[in-house]
Amino acid sequence: MCGIVGYTGPQSAVVPLIEGLRRLEYRGYDSAGIALGTPGTLFIEKRAGKLVNLEESFDESLPVVHSGIGHTRWATHGGPTDRNAHPHVDNEGKLAVIHNGIIENYSALKAELQSRGHTFKSETDTESVAHLLSDLRKEHKGDLTAAMRAAVKLLRGSFTLLAIHADAPDVIVGVRRNSPLVVGLGKGENFMASDVAAFIEYTKRAVELGQDEVVTITPQGILITDLEGKAVAPKEYEISWSAEAAQKGGFTHFMLKEIFEQPKAVADTLIGRLSDNNQIVLDEIRMSSAEIKDLKKILVIACGTAYHAGMIAKYAIEKWAKIPVEVEIASEFRYRDPIINKSTLVIAISQSGETMDTLMAIRHAKSAGARVLAICNTNSSTIPRESDAVLYTHAGPEIAVASTKAFLTQVIAVYLIGLHLAQVRGVMKDSQVAQLYYEMLELPGKIEQILETVEPLRTLTRSFAQSESVLFLGRNIGYPVALEGALKLKELAYMHAEGFAGGELKHGPIALIDKGTPVIAILPSSHEHALDEKMLSNIQEVKARGARVIVIAQESDEVVGAEHIIRIPRASAIFQPILATVPLQVFAYEMAICRGNDVDQPRNLAKSVTVE
Ligand code: M6R
């Protein structure tokens with residue numbers, strides 16, 4: 001939550017700052033603001049609402065200076081107003097701070113600072129840091145870096161902070177605790193940001209920061225120190241994502257672009273995973289055969305869409321590797337006493353690698369003795385860094401708040417893990433594993449086929465735009481797909497939507513069906529078990545009560561009772577989620593458009609949820 005960017009170098013700072021904020025807006029869009037390093041008193045401009053409001057406020061008074069900090073906000077403390085927008089400044093207007101996270105002890109700090117004569121103008125937790133830093137900087141003879149180190153020792157909570165002072169405007173100081181911050185190394189210019197997307201256009205060289213590390217950037221270089229002032233060697237890495245990948249590339253929305261990137265994302269995540277002797281190659285999971293054979297339980301933790309990928313993991317891993325799998329919402333997991341030991345593998349799934357609920361669950365699992373394997377899409381983010389091993393998905397940057405391509409690649413990753421474990425534990429033959437892998441290689445082409453034929457679905461969706469709620473039904477591995485379809489519709493169309501296991505309907509939810517209620521049913525493949533018949537009965541039950549039923553069914557499967565049928569290509573039942581999810585994404589996308597909603601930045605949400 002909240003996007004942060006800092007720049008110092010030869011450019012007019014407003015250019016990289018606004019460009020960076022545009023690319024970070026997915027992290028929050030309640031307000032935006034900048035502080036420019038004008039000597040004497042900083043130039044501050046901030047506005048409630050999206051970045052465009054800030055840009056529209058610029059006039060000829062906008063100074064051309066060469067350093068600054070910028071912020072795009074997802075509100076926690078204090079509503080989304082101009083006053084609560086970041087940056088926040090000290091009494092003299094010489095020191096500005098931007099913040100992502102929560103300062104838990106801000107009220108005590110605020111009371112103390114007020115008693116020392118500081119005047120507060122906002123309701124935010126962040127403003128207390130601006131005043132605190134101002135006092136500490138004076139105590140440390142004008143050294144902003146030393147002041148930041150001292151301030152951090154007094155703060156509780158999670159935060160990324162950037163600060164700038166008008167007396168040395170080309171120096172920007174940052175720090176991170178449980179919240180992301182990366183440094184971009186340019187030629188004669190340097191950057192800091194929540195995410196590499198902010199500066200990818202200017203440099204591919206990045207430096208990751210550890211917990212409680214303070215970084216000072218100037219145009220000439222960077223210095224990283226720990227809280228005692230000891231220098232820390234920079235851990236540099238090359239950014240593999242291209243600048244174009246973080247742009248819309250001719251699509252009207254990032255979400256649509258990302259839906260259409262799914263064939264490639266799935267193919268890239270699968271590529272090179274089968275050796276010549278038919279072994280699934282997953283060296284990254286860093287487990288010996290003995291450790292894999294010793295596994296007694298797998299626990300999957302994740303949030304939102306990633307949690308739905310976790311549910312699919314249960315079906316796949318139990319089916320193939322014969323290891324019991326529990327799946328839990330990360331925010332619930334750490335408030336119980338899980339039974340975990342060295343024979344437990346925890347799999348944490350996260351697109352961003354920064355989700356605080358998942359991160360806290362990982363720490364909880366590690367403290368209980370579990371080994372943690374992350375499935376993540378974002379290189380060098382916090383979750384992979386804190387896990388014992390990481391399997392990266394290769395979806396490329398996912399900018400739209402609603403997760404699409406990351407989900408499909410997470411599902412592919414759990415399939416690969418399931419097959420690998422099954423193979424090492426000797427419960428599946430190499431030939432069976434290879435056959436399933438080859439079938440997976442056909443999935444990108446099948447997704448393409450679906451995408452080539454979505455136009456009628458888009459038209460159909462419009463006919464449901466006035467509905468109050470939509471219900472989704474699934475059975476077996478189609479159940480998480482139903483949940484995912486409902487989540488997408490809620491977050492994008494702001495409609496009441498719920499996903500149910502088809503068999504559970506008669507235990508209560510069927511009362512929701514009224515004349516004309518749209519119901520989307522994912523029909524299990526008829527080829528593997530008789531579940532399709534059970535779903536067809538569920539369809540009759542809702543139809544008898546007035547529902548308008550849309551069925552997602554594999555080619556040539558018999559469907560009775562549907563008002564509309566959306567056909568997807570044939571695949572083994574276990575792989576059906578990869579195909580059945582795609583029309584549901586398109587349905588939610590189109591519904592959002594019909595209802596005039598902001599597709600890429602739906603209300604109240606943020607892409608990266610870095611608060612608990
Ligand atoms: O970055 P993560 O995968 O950890 O994010 C988890 C959820 O916040 C995320 O999947 C969220 O549910 C999406 N907006 C859903 O589209």
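Order of appearance sets the numbers: ligands from 1, and atoms from 1 within every ligand.
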_Check against salt bridge (Lys or Arg N to Asp or Glu O under 4.0 Å), Arg23 and Asp195_ = CA-CA 9 Å; Arg23 290 167 184 228; Asp195 175 339; over 6 Å; no
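Taking every non-hydrogen atom of Ala402 and a distance limit under 4.0 Å, the qualifying atoms of ligand 1 come out as 16 (O). Against a heavy-atom cut-off of under 4.0 Å, Lys488 is close to the following atoms of ligand 1: 15 (C), 16 (O). Near Ser350, meaning under 4.0 Å from one of its heavy atoms, ligand 1 places the atoms 1 (O), 2 (P), 3 (O), 4 (O). With ligand atoms numbered from 1 in the order given, ligand 1 contributes 12 (O) to contacts under 4.0 Å with heavy atoms of Gly304. The atoms of ligand 1 that sit less than 4.0 Å from any heavy atom of Ala306 are 3 (O), 10 (O).
A side-chain hydrogen bond (donor to acceptor under 3.5 Å, both in side chains) with Gln262 is found for one member of Lys405, Glu448, Gln585 and no other, namely Gln585. Shown are Glu398, Gln351, Gln410; of these, the side-chain hydrogen bond (donor to acceptor under 3.5 Å, both in side chains) with Ser403 is made only by Glu398.
Atom 6 (C) of ligand 1 has Cys303 O, 3.4 Å as its closest protein atom, hydrogens excluded (heavy atom only). Distance from atom 11 (C) of ligand 1 to its nearest protein heavy atom, with residue and atom name: Thr305 N, 4.2 Å. The protein atom (non-hydrogen) at minimum distance from atom 16 (O) of ligand 1 is Glu491 OE2, 2.3 Å. For atom 3 (O) of ligand 1, the closest non-hydrogen atom on the protein side is Gln351 N, 2.6 Å. Residue, atom and distance of the protein heavy atom nearest to atom 8 (O) of ligand 1 are Val609 CG2, 4.0 Å. Scanning all protein heavy atoms for the shortest distance to atom 1 (O) of ligand 1 gives Ser352 OG, 2.6 Å.
Using a 4.0 Å cut-off between a side-chain N of Lys or Arg and a carboxylate O of Asp or Glu, Glu25 and Lys50 do not qualify as a salt bridge. Note on Arg336 versus Glu326: salt bridge recorded, some NZ/NE/NH1/NH2 to OD/OE distance being below 4.0 Å. A salt bridge links Arg22 to Glu19: at least one charged side-chain nitrogen sits closer than 4.0 Å to a carboxylate oxygen. Using a 4.0 Å cut-off between charged side-chain N and carboxylate O, Glu328 and Lys314 make no salt bridge.
For ligand 1, the polar-atom distance check finds an N/O of Val401 within less than 3.5 Å of one of the ligand's N/O atoms. Backbone and side-chain nitrogen or oxygen atoms of Thr358 are examined, and none is located within less than 3.5 angstrom of a nitrogen or oxygen of ligand 1.
No heavy atom of Glu354 sits closer than 4.0 Å to any atom of ligand 1.
Looking at Asn377, Thr355, Leu487, Thr404 and measuring to atom 2 (P) of ligand 1, the nearest heavy atom belongs to Thr355.
The shortest heavy-atom contact between Ser469 and Thr517 is O-CG2, 4.2 Å.
Cation-pi check for Arg603 over Tyr494 is met; the charged atom lies under 6.0 angstrom from the ring centroid and within 45 degrees of its normal.
Side chain of Tyr307 to backbone of Ile349: no donor-acceptor contact under 3.5 angstrom is found.
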